[in-house]
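Data block below; observations after.
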Amino acid sequence: MHESLVVAGKEFRDGLRNRWVLAITLVFALLAIALAWFGAAVSGEVGFTRVSTTIASLASLAVFLIPLIALMLAYDSIVGEDESGTLLLLLTYPLSRTGLLAGKFMGHAAIMGLSTLLGFGIAGLVIVVFDPEATLGALAGPFSLFIGSAILLGWSFLALSYLISAAAREKARAAGMALMVWFLFVLVYDLTLLGILVGTEGQVNESLFRVLLMVNPTDIFRLINLTGFEQVAEASGMLAIATSEDHSVAGLIALLGLWVIAPLALAIAVFRRRRT
Amino acid sequence: MTNAVDLDQLSCHFGGVHALTSLDLSLGEGEVLGLLGHNGAGKSTAMKLILGILSPTSGRVRVFGEDPRGPGSGRLRLQLGYLPENVSFYDNLSGREVLAYFARLKRVSPKEVTRLLGQVGLDHAANRRVRTYSKGMRQRLGLAQALLGEPRLLLLDEPTVGLDPMATRDVYRTMDELRARGTGIIISSHVLPGIEQHVDRVAILGRGSLLAEGTIEALRSQAELPLTIRVRRQADARFPETGLHPAIQEAIPGSDNSLVLTVPTGDKLRVLNELLNLPGLADVSVEPPTLESLYAHFDTELNEGETRYA
């Protein structure tokens, strides 16, 4: 455990030094504030909009951004150390492969978690301070849920990028695989589901469809943040199929947590078999 | 007393590639072993097996009597130092930060970091980023890393490749100091000149098998290679063209009024005696067969004598 914490500490300090934490925090904060301010532009006015609309816009955007950032942050975590020769060296230290990977993941998870919390937290405070209609009480609940699930989403894609990094032989290939994973989960999967839905004119088995949505962490994240609000659910297209009464938020959160643990366990298994 | 390293019928195959086949080798505590062979001979594989990074296909590895992949490996690894063949470290960190990171992993006090940076001559560059380091400086940093925690066994994989003569000398000097303190060292190399004075024994590997093993003296007599005698005459003197001594196998005129003779080791003294009586002799020097010629000898034996070894 001591060794894992040493590794985690180094990863985290690297993240601070490379300005990863700063960059992610700024991106999240600025986007959230901008969305809150301009969210109502479609209805012809500028100014802070309803919390539910802000959260819905944020969730739609976070679903693209967070996976990309997480994959970029960690795709080379194992294969990069392999290429620079330090992996071989670390393996001769009193540190198991599981301990090494867990330590690195903890460091990266802290970077993702802290930036998400700071970025969206700052945005939330700005909204409370500058929007006369927003109260801390009304905002705290949905925003906490949003931030919490965003952190879990980030961690699940971090875990996926560790899986990629442990499996890849070269850094360039890991980068390609990371991009593929992003395309698959963020774009292709939903488009395919939508295609099936349209192609079959909605004659898909509903329970099957609900299961299919659970196979993608980005859809779980969307469900957590969108279905809580009636108005939003109407505007969220196919997600309306899986209405809120089918899923408890706690259950969805647990499922998203599973999406962190399962890829991470798989990454450790792959790493233990990796030849180096 | 247990040996530092015991390899027993060790084999390691990757798919169809036989990286090591039935290797028997041991290293006493405080002994220095040179592991020689060209690229792909199995030197790095042998080291990785000793370190427990690879698991053997068959055979047994014991380091201080313990299995390097067994339950006690964590404690064992605190006593090992390793310098891999190619390591570029973390470009964004300074030399001191890199060393401090590895020191924390090995539970070594930060004071050691400063001392080791001084020992390898990096104290002036300790706070510069590794990105700006030359190949030689990176290698020095790697050596400092390997010395963390005063290891009882040190594995150096091609530590002098790409180093200038000064840095190479420093590596060897550090090795000599450690040997004097009782550290066991295995050094692999395909650069042979210069290593001879710094090792107790050599093991020559070829295609994953042990070709020869022993002190350089023993290998010399085993190989029965002729030695080279260089004689120089005074400018106005002349040597007889032929018939200096019947034992001389070859006499080639060299530059600077000299003659290069090839002589069987057993006839060394007789020939020297004869040469010393030559009129007008200016200088005589005797060169034993180099490690390179020994290496070439055993390597050729492998190529020619597959049947003999089978």
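Because only heavy atoms are used, hydrogens play no part in the values below, and waters and symmetry mates are left out as well, while side chains stay in. In what follows, chains are A, B, ... by sequence order, proteins preceding strands, each numbered from 1.
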Quick one about B/D24 and B/Q9 (side-chain donor to acceptor, distance below 3.5 Å, no hydrogens or angles considered), yes or no?
yes
Flag for A/T98-A/S96: side-chain donor and acceptor within less than 3.5 Å
no
Quick one: of A/L88, A/L91, A/L89, who has the most non-hydrogen atom pairs under 4.5 Å with chain B?
A/L89
Quick check for you: among A/K10, A/E83, A/E81, which has the greatest number of heavy-atom pairs under 4.5 Å with chain B?
A/K10
With a 4.5 angstrom heavy-atom cut-off, could you sort out which part of [X] is near chain A: side chain, backbone, both or neither?
X	answer
B/Q145	both
B/R107	side chain
B/L83	neither
B/L80	neither
B/N92	both

A/V270 and side-chain contact (heavy atoms from CB on, under 4.5 Å): which single residue from A/I164, A/L163, A/L101 fits?
A/L163
Hey, does the Lys NZ or Arg CZ of B/R138 hover above the aromatic six-ring of B/Y133, less than 6.0 Å from the centre and inside 45° of the axis?
no
Would the distance check show the side chain of B/Y82 and the main-chain N or O of B/M47 forming a donor-acceptor pair, the cut-off being under 3.5 Å?
no
In the structure I gave you, are the side-chain heavy atoms of B/Q119 and B/T174 within less than 4.5 Å of one another anywhere?
yes
